[in-house]
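To start, the structure itself, in structure tokens.
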Amino acid sequence: MTKLKTLRGMNDLLPEQTAHWQEVEDLFRHHFSRAGIGEIRTPLMETTDLFFRGIGELTDVVGKEMYTFFDRGNRSCTLRPEGTAAVVRSVLQNGLLSQGPKRFWYGGPMFRYERPQAGRLRQFHQIGVEFFGLPTARDDAELIALAWDIFSALKLKDLNLELNTLGTSEDRERYRSELIKWLEKKYDFLDKDSQERVYKNPLRILDSKDSKTQQLLNDAPCLYDSLSESSKNRFLDLQKILNTLEIPFQINKRLVRGLDYYCQTAFEITTDQLGSQKTICGGGRYDGLVQELGGSSTPSVGWAVGMERLMILLNEQNLYQKKDSPDVYFINQGISAEPEALSLTRKLRTAGLNVELDSSASSFSKQFKKANKSNAKWALIIGEEEFSAGEVRIKKLKFDGEDFKERNISKIEISKLISILKSY
RNA sequence: GCGGGCGUCGCCAAGUGGUUAAGGCAGCGGCUUGUGGCGCCGCUAUUCGGGGGUUCGAAUCCCCUCGCUCGCCCCA
């Protein structure tokens, strides 16, 4: 029989990992709730059309990375490859923008059919934020600061905030045709990948890894030069505000985000500790998207964090908290004592204690060994002797200064027991 | 989708054509039927990701396939 296993690029998260994930997710939630940002949960699956219209048919994500299939009603369905399009859809469908600007966050699995690598899976997880109806550079700065503060709270080191502006869609279009004209003249000197992108995605060529192409590009028209005055000023404003907030950044003129909807501000938070999957947070402004999906013109801005990459980086920088050990390890043996131990365990757990109940029914000596390994502070022991006496034995497993004499406590005095267990 | 590396027990790993596939960790049992952290003893892969081939003989060589990994593309 062949072994059953996960699909390629889709991993289980096991208890040791989920504990870390939860800590990190809690931190995100905490920051969001302090900023008055509500969570929005959309289905994992949407009509294919949403992503065609939202992300852009010519992007790689839509063109070759989507999990698309027909359901029994012959509808074309797609597992969401990113979060923004669905959030916009939801916000419109539910009329959430009728009362002015709104901020939302979302999280969960996304799906892209790509060749897996470290930090790039077919099912991966993002947490993202979207601001709607907030048009200014100050709004951009608030959004960026939110991400920056979360990473700071995680104590992440050596992060770079890279910043660029793409201008308005008119600026971008003007530059695009100018760049294509220039690239056509240099076509024969470009590397193969870049040649293919001349018409498909010329801005991406600016980011080519080919050194000859890069040299050539030194003379290429610059996006910044074709920006309108107001776009330029907007970008300068943003930089000024970030300086005021004391958030360090560097301008990366080659930063061109891949999805069609971006305009004006584009940014990434990167690290050089993750190999080629170096972006842990990417985002930008998408003023045209809401209208594109059928709403009224609503300037919007957002970012998304790649959870897997973030978790790898936290691990790399040794920022995981050590896992909690139980307060109590409950040693128990005997036909009457075992149910009694379970009963007491329930009461102690209800009182807020972390209790690990031994279920091996093996010798006391074995159970003590396990108690030690569990790293619990206390051992409770109940065997037939204690059961008959209506008592439970309490013993301290760790020496942390205070001396505690092993003793028996009557079960009637449960509150006393609880207060002892909680007192160290 | 393209190119490089890899795949031996739950984990880490030795073995690179020849009788029973080292070792460590973890697990289980015992020394010690009710008191631990140390120590000692024992047990745990008919099988080397899967399939086919070469050979008297394969974990070791060849082919295919699956998966992981690194880089490219792209992106979080």
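Shown are A/L344, A/L417, A/I409; of these, the side-chain contact (heavy atoms from CB on, under 4.5 Å) with A/L380 is made only by A/L417.
For A/R393 and B/G34, a side-chain-to-base donor-acceptor distance below 3.5 Å is absent, hydrogens and geometry of angles not being considered. Judged by distance alone with a 3.5 Å cut-off, a donor-acceptor contact links the side chain of A/E386 to the base of B/G34. Evaluation of atom-type donor-acceptor distances gives a pair under 3.5 Å for the side chain of A/Q117 against the base of B/C72.
Residue-nucleotide stacking is present for A/F124 and B/A76, judged by a side-chain ring centre under 5.5 Å from the six-membered base ring centre and planes under 30° apart.
Here the straight-line distance linking atom CG of A/L421 with atom CH2 of A/W378 works out to 6.5 Å at 0.5 Å rounding.
A donor-acceptor contact closer than 3.5 angstrom is absent between the side chains of A/T168 and A/S231.
In this structure, A/G9 reaches the sugar-phosphate backbone alone: every heavy-atom distance under 4.0 Å involves primed, P, OP1 or OP2 atoms, never a base. Contact annotation for A/E308: no contact, since no heavy-atom pair falls under 4.0 Å across all strands. Among the protein residues, A/G282 comes within range of the sugar-phosphate backbone only, with heavy atoms under 4.0 Å from sugar or phosphate atoms but none that close to a base. Residue A/Q333 is classed as having no contact, given no heavy-atom separation below 4.0 Å to the nucleic acid. Using a 4.0 Å heavy-atom distance criterion, A/G283 is classed as making no nucleic acid contact.
Summarising the base pairing, B/U32 is matched to no nucleotide, lacking a Watson-Crick or G-U wobble pair whose two defining distances lie under 3.5 Å. Here B/A58 sits opposite no nucleotide as a Watson-Crick or G-U wobble pair (both hydrogen-bonding atom distances under 3.5 Å). Checking B/G67 for Watson-Crick or G-U wobble geometry (two distances, each under 3.5 Å) identifies B/C6 as its partner.
For A/Q367 and B/U33, the CD to P distance is 15 Å, given to the nearest whole Å.
The residue among A/A304 and A/K373 whose nearest nucleotide of RNA chain B is located toward the 5' end is A/K373.
A salt bridge between A/E391 and A/K411 is absent, with no side-chain N of the basic residue lying under 4.0 Å from a carboxylate O of the acidic one.
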